[in-house]
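Since this is a predicted model, take the numbers as computed values, not measurements. Residues take their numbers from the sequence shown, with the count starting at 1.
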Amino acid sequence: MTPVISVIMPVRNGAEWLPEAVASVRSQDFGDFELLIVDDGSDDGTAPMLSAFAAVDPRIRVLHQAPQGIVAALNNAIAAARAPYLARLDADDRAKPDRLGKQLAFMEAHKEIGLLGSHAEEIDAAGKIIGRLAPPTDGARLAQVLSRTNPFIHSSVMMRTALVRRAGGYRAAFKAAEDYDLWLRMAEAGGVANLADRLIQYRRHGSNLSRLDAIRQSFSVRLAQRSAAGRRRGAGDPASALAAPPDWWAAEAEASFYGRDVGLYRLLDSDRRRGPDYVWAVQRRLFGLNHAERRLAQLRLQAMLHEIDSPLGPQYLRILMLIAILHPARAVSLAWHGGSG
């Protein structure tokens, strides 16, 4: 029989917390679901673990693919899903027992909603609660935040399968922010909402983003926003031809629809030799940077101070001035320590 909900879970080398994630789905108060797990080429014992799960619970379906990344895994799950609703859960997170039932009831009562998230508890590697995540629930506030950043916790999301498929699923060009790009496209076709209930436990652990991953994620957020702006203007989706994450160092990037962002991201990704060539990009965009870009720019400029051969020279003072505008307290500290040195 066709299940009501397809829970989709991509995993690669997730053996450490996978049993907890799977157990949290199997323990749901609402039981008419399939758990569709896509193994993205794991080599840590995940594959036999998945086979064991499927052997004891017929609701669990396992797909295997060569390592292709989370976007391919999620799109394969979406294509294979049999239910009218999709619920996301990462292999290191946990769902509360009432998660599926509460979200389904809301979606059934609000046919205009195509994308539904929730609040969450933060847990550490050992499963201890260490905090709370409370994205906006007010409709107007949610729409406002969505235009600037991601107001949905990926593991908390439930979506209408037909709407996700019509939107085209996740896109590889938006690496590290593929969910945000999808939310923007889904919001153009249906309503979005967040429940104030803490329905999942989101795990914080040592696998934090590297510096380059953080830069890529920030760029992908901007890319998604530029793409959405093009659709709003009626000019079509300028990102539709992108099959992979763009290279901001490529010469053609300067003439692209994201050309305004190229200088900044070249600075953020620069080495000691190339960095000074792109300091102007921060100065030009100073008051148009979002929170993540401001933080990344502060860190890169601060590193550049240590790369300058002549402390307190013109270039040093110029960079210090930019840091002062981005983060006054940090600039005072740097100036004090630089003068002392």
Side-chain angles (χ1 to χ4, degrees), residues 145 147-151 173-181 204 206-229 239 242 244-341:
V145 173
S147 68
R148 302 195 315 268
T149 190
N150 189 351
F174 299 84
K175 183 178 179 181
E178 59 277 334
D179 53 343
Y180 181 54
D181 168 59
R204 299 278 187 189
S207 301
N208 292 325
L209 288 176
S210 68
R211 172 179 166 271
L212 188 55
D213 286 340
I215 294 170
R216 174 57 67 180
Q217 183 179 67
S218 179
F219 178 81
S220 292
V221 166
R222 277 293 185 193
L223 192 70
Q225 292 167 349
R226 301 287 185 208
S227 180
L242 295 176
D247 177 7
W248 46 70
W249 290 108
E252 61 269 20
E254 298 173 16
S256 68
F257 71 93
Y258 53 87
R260 289 179 55 196
D261 305 308
V262 165
L264 173 65
Y265 283 89
R266 287 178 178 175
L267 172 72
L268 299 180
D269 188 34
S270 66
D271 55 20
R272 178 174 185 153
R273 178 179 60 84
R274 292 187 289 187
D277 294 336
Y278 294 100
V279 172
W280 60 265
V282 176
Q283 191 168 340
R284 179 177 294 180
R285 294 276 304 279
L286 205 51
F287 299 105
L289 303 179
N290 60 37
H291 177 76
E293 290 170 336
R294 291 175 71 88
R295 180 177 177 277
L296 290 167
Q298 290 163 17
L299 292 173
R300 181 67 192 105
L301 291 172
Q302 185 174 346
M304 289 181 70
L305 292 181
H306 299 286
E307 297 168 359
I308 294 175
D309 295 326
S310 55
L312 300 185
Q315 190 178 56
Y316 186 100
L317 294 176
R318 180 189 180 197
I319 293 174
L320 194 63
M321 178 194 71
L322 291 173
I323 295 175
I325 299 173
L326 290 168
H327 196 303
R330 182 170 294 164
V332 171
S333 174
L334 290 170
W336 173 261
H337 290 297
S340 301

Expected output: side-chain [X] to main-chain [Y] donor-acceptor under 3.5 Å:
X      : Y      : answer
Ser256 : Ala253 : yes
Arg294 : Leu289 : no
Arg211 : Leu268 : yes
Glu178 : Ala176 : yes
Glu293 : Asn290 : yes

Which pair of non-hydrogen atoms, one from [X] and one from [Y], has the smallest distance, and what is that distance?
X      : Y      : value
Ser218 : Ala292 : OG-CB, 4.1 Å
Gln217 : Ala177 : O-CB, 4.0 Å
Trp248 : Leu212 : CZ2-CD1, 4.4 Å
Pro151 : Val145 : CB-CG1, 3.7 Å
Leu301 : Ile319 : O-CG2, 3.5 Å
Gln225 : Thr149 : NE2-N, 4.2 Å

*Salt bridge between Arg300 and Glu307, side-chain N to carboxylate O under 4.0 Å?*
yes

*So does Arg285 pair up with Asp261, basic N to acidic O under 4.0 Å?*
yes

Can you tell me how far apart [atom1] ([X]) and [atom2] ([Y]) are? Round to the nearest 0.5 Å.
X      : Y      : atom1 : atom2 : answer
Arg260 : Tyr265 : CZ    : OH    : 12.0 Å
Leu317 : Leu322 : CG    : CG    : 11.0 Å
Tyr278 : Leu267 : OH    : CG    : 9.5 Å

_side chain to side chain contact (heavy atoms under 4.5 Å, CB included), that's the test. Do Leu296 and Ile215 meet it? Break it down for me._
CA-CA 7 Å; Leu296 290 167; Ile215 294 170; 4.2 Å; yes

*More than 12 foreign heavy atoms under 6.0 Å from CZ of Arg284: is that the case here?*
no

*Heavy atoms of other groups near Arg266 CZ, more than 12 under 6.0 Å*: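 Check passes, neighbour count above 12.
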
*How about Ile325 and Gln283: do any of their side-chain heavy atoms sit closer than 4.5 Å?*
no

*Is there a side-chain contact between Leu223 and Phe257, using heavy atoms and a 4.5 Å cut-off?*
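Leu223 vs Phe257: side chains touch.
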
*Mind checking whether Trp249 and Phe219 have ring centres under 6.0 Å apart?*
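When the ring centroids of Trp249 and Phe219 are compared, they turn out to be at least 6.0 Å apart.
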
